[in-house]
Asker: 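Right, I'll just put the structure down here and ask away after.
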Amino acid sequence: MPTMPAGSILLGSTRANELRAWYLKVLAPDHTGDGPIPLGNLLLVIDQRDDVSPTNPEPGRAILNFHVDDFPPYEAQLNAAGVPWIAEPTTRPAGRFATFQDPDGNYLQLIQFTNPPH
């Protein structure tokens, strides 16, 4: 049976327009247009919802990971955007890692594996 490819992730927010603007500024500054935000092969959909709290009460439950081949330029991009670091960039045996937070309290990670899985 084939592996099912992920296509998009939906983030529900009580302030979707503000959250979308943050994601565009931080992760996709060259993207213009409406609709989903392309993040490599994954589309990010931000939806206005009334069934979620204003901030994520359990931000470690689901973390959006960004796997990169060259950590420093992305670290610089995130620093320039002023992201709040939850875990500062650090080198571990498996690679380089950092965790940051969006305005709704969701966690995101920047990862460069020493030996990337295939």
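By convention here, the first residue in the shown sequence is residue 1.
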Asker: To the nearest 0.5 Å, how far apart are CG in Leu19 and CG in Asp47?
Answerer: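 So the gap between those two atoms works out to 11.0 Å.
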
Asker: For residues 19-51, which residue pairs pass the ring pair (Phe, Tyr, Trp, His ring centres under 6.0 Å) check, not counting sequence neighbours?
Answerer: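 Applying ring pair (Phe, Tyr, Trp, His ring centres under 6.0 Å) to every pair that reaches into residues 19-51, excluding sequence neighbours, yields nothing.
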
Asker: Does the side chain of Pro72 come within less than 4.5 Å of Asp70's, by heavy atoms?
Answerer: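 Counting from C-beta outward, Asp70 and Pro72 do come under 4.5 Å.
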
Asker: Show me, pair by pair, the donor-acceptor contacts under 3.5 angstrom made by side chains of residues 7-18, not counting sequence neighbours?
Answerer:
{"unit_1": "Ser13", "atom_1": "OG", "unit_2": "Arg15", "atom_2": "N", "d": "3.0"}
{"unit_1": "Ser13", "atom_1": "OG", "unit_2": "Asp104", "atom_2": "OD2", "d": "2.5"}
{"unit_1": "Arg15", "atom_1": "NE", "unit_2": "Asp104", "atom_2": "OD1", "d": "3.1"}
{"unit_1": "Arg15", "atom_1": "NH1", "unit_2": "Glu18", "atom_2": "OE1", "d": "3.4"}
{"unit_1": "Arg15", "atom_1": "NH2", "unit_2": "Pro103", "atom_2": "O", "d": "2.5"}
{"unit_1": "Arg15", "atom_1": "NH2", "unit_2": "Asp104", "atom_2": "OD1", "d": "3.3"}

Asker: Got a donor-acceptor contact below 3.5 angstrom from the Gln112 side chain to the Asp69 backbone?
Answerer: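 It does hold such a pair.
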
Asker: Listing request: all side chain to side chain donor-acceptor pair (under 3.5 Å) pairs with a residue in residues 86-95, at least two apart in sequence or in separate chains.
Answerer: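 Applying side chain to side chain donor-acceptor pair (under 3.5 Å) to every pair that reaches into residues 86-95, excluding sequence neighbours, yields Thr91-Arg96.
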
Asker: Which heavy atom of Asn56 sits nearest to which heavy atom of Asn106, and what is that distance?
Answerer: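 Looks like ND2-OD1, 2.8 Å.
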
Asker: Do Ile111 and Val83 belong to the same hydrophobic cluster, where Ile, Leu, Val, Met, Phe, Trp and Tyr are linked whenever their side-chain heavy atoms lie under 4.5 Å apart, directly or via other members?
Answerer: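 Unlinked, Ile111 and Val83 end up in two clusters.
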
Asker: I need the full list of ring pair (Phe, Tyr, Trp, His ring centres under 6.0 Å) pairs touching residues 84-112, with sequence neighbours left out, sorted by first then second residue.
Answerer: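 Ring pair (Phe, Tyr, Trp, His ring centres under 6.0 Å) check on residues 84-112 returns Trp85-Phe100, Phe97-Phe113.
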
Asker: Side-chain heavy atoms nearer than 4.5 Å, only ILVMFWY residues, links allowed to pass through others: does that put Phe71 and Leu39 together?
Answerer: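 Linked within one cluster.
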
Asker: Spell out, yes or no, whether Leu42 and Ile46 are grouped together once hydrophobic residues are joined by side-chain heavy atoms under 4.5 Å, including indirect joins.
Answerer: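 In one cluster: yes.
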
Asker: Excluding sequence neighbours, so at least two apart, what forms side-chain contact (heavy atoms from CB on, under 4.5 Å) with Pro36?
Answerer: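 Leu43, Val45.
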
Asker: Could you go through the side-chain contact (heavy atoms from CB on, under 4.5 Å) check for Asp102 and Val26 one step at a time?
Answerer: CA-CA 9 Å; Asp102 76 15; Val26 172; over 6 Å; no

Asker: Give the cluster check for Tyr74 versus Leu44: same hydrophobic cluster or not, with ILVMFWY residues linked at side-chain heavy-atom distances below 4.5 Å.
Answerer: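 Yes, one cluster joins them.
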
Asker: Identify the two heavy atoms, one from Gly105 and one from Pro59, that lie closest to each other, and give their separation to 0.1 Å.
Answerer: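 Scanning both residues completely, I find the closest heavy atoms to be O-CB, 2.9 Å.
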
Asker: Asp51: which residues meet the side chain to side chain donor-acceptor pair (under 3.5 Å) condition with it, sequence neighbours left out?
Answerer: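 For Asp51 the side chain to side chain donor-acceptor pair (under 3.5 Å) partners, ignoring immediate neighbours, are Arg49.
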
Asker: To the closest 0.5 Å, what do you measure between CG (Asn65) and CG (Leu110)?
Answerer: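 Between atom CG of Asn65 and atom CG of Leu110 there are 9.5 Å.
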
Asker: Does the Thr114 side chain pair with the main chain of Ala94, one donor and one acceptor, at a distance under 3.5 Å?
Answerer: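 Between the backbone of Ala94 and the side chain of Thr114 there is a qualifying donor-acceptor contact (under 3.5 Å).
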
Asker: Compare every heavy atom of Ile37 with every heavy atom of Arg20, then report the nearest pair and how far apart it is.
Answerer: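 So the two residues come closest at NH1-CG1, 3.2 Å.
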
